[in-house]
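Here is the structure we will look at.
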Amino acid sequence: MLFFSYFKDLVGREVTVELKNDLAIRGTLHSVDQYLNIKLENTRVVDQDKYPHMLSVRNCFIRGSVVRYVQLPPEEVDIELLHDATRREARVVF
């Protein structure tokens, strides 16, 4: 639940989602659910030469199980918040 609550705070921000098939899509985070399924708006493909068929896609839904990475703008990352949250979750597990 750590990442779900973190991503909920990023709604409306621009992110890049890299999929397991090496496709990277940049867009505005519209919504995310508890399975980390992601809905992006105003999307564009990072490598347009490799994926020209994706140029017309403007909105997309990405199943959480196919996500490899989510890249965030550096100014959106609160390191202290993430450290505190991971410590709290680690205490609950043990």
Side-chain angles (χ1 to χ4, degrees):
M1 294 304 280
L2 167 66
F3 291 108
F4 171 57
S5 58
Y6 189 74
F7 282 125
K8 278 188 0 184
D9 292 338
L10 292 173
V11 169
R13 304 290 201 312
E14 186 166 291
V15 297
T16 302
V17 179
E18 183 179 328
L19 308 181
K20 291 180 181 177
N21 67 356
D22 294 328
L23 173 63
I25 303 171
R26 181 174 292 130
T28 304
L29 183 63
H30 180 267
S31 62
V32 63
D33 66 12
Q34 69 269 22
Y35 303 107
L36 297 183
N37 297 319
I38 297 171
K39 183 176 180 187
L40 294 178
E41 293 182 332
N42 304 318
T43 61
R44 58 192 177 283
V45 178
V46 173
D47 188 358
Q48 296 178 357
D49 296 331
K50 190 173 179 183
Y51 302 99
H53 57 282
M54 295 291 292
L55 291 175
S56 63
V57 177
R58 291 293 159 231
N59 299 311
C60 68
F61 178 84
I62 302 169
R63 183 181 167 109
S65 64
V66 301
V67 174
R68 181 182 293 152
Y69 300 114
V70 177
Q71 299 173 11
L72 309 172
E75 62 274 2
E76 299 297 334
V77 179
D78 185 353
I79 299 293
E80 289 304 316
L81 175 69
L82 287 174
H83 282 270
D84 292 342
T86 52
R87 285 187 199 109
R88 277 194 305 270
E89 236 181 63
R91 278 190 232 131
V92 172
V93 172
F94 297 110

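Nothing fancy with the numbering, it's 1 onward along the sequence.
- M54 is connected to L19 through a chain of hydrophobic side-chain contacts under 4.5 Å among Ile, Leu, Val, Met, Phe, Trp and Tyr, so both are in one cluster.
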Check the pair I25, L40 against side chain to side chain contact (heavy atoms under 4.5 Å, CB included), reporting the backbone distance first and the verdict last. CA-CA 9 Å; I25 303 171; L40 294 178; 4.0 Å; yes
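- Annotation: side-chain contact (heavy atoms from CB on, under 4.5 Å) contacts of T16 (sequence neighbours excluded): A24, R26, V46, Q71.
- For the atom pair N37 CG and F7 CZ, the distance stands at 12.0 Å (nearest 0.5 Å).
- Closest heavy-atom contact between K20 and S65: NZ-O, 2.9 Å.
- In this structure, CD1 on I62 lies 12.0 Å from CG on L36, to the nearest 0.5 angstrom.
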Working note: V45 + L23, criterion side chain to side chain contact (heavy atoms under 4.5 Å, CB included); need CA distance, chi angles, decisive distance, verdict. CA-CA 8 Å; V45 178; L23 173 63; 3.7 Å; yes
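- The side chain to side chain contact (heavy atoms under 4.5 Å, CB included) test with L10 is passed by exactly one of V32, L29, V70: L29.
- For the atom pair CG (N59) and OG1 (T43), the distance works out to 6.5 Å, reported to the nearest 0.5 Å.
- In this structure, E75 does not pair ionically with R13, as no charged nitrogen and carboxylate oxygen lie closer than 4.0 Å.
- Residue pairs meeting the salt bridge (Lys or Arg N to Asp or Glu O under 4.0 Å) criterion with at least one partner in residues 52-69, sequence neighbours excluded, are E18-R68, D22-R68.
- The salt bridge (charged side-chain N to carboxylate O under 4.0 Å, His left out) search around E41 returns none, not counting sequence neighbours.
- Applying the 6.0 Å contact sphere to CZ of F61 captures more than 12 heavy atoms from other residues, nucleotides or ligands.
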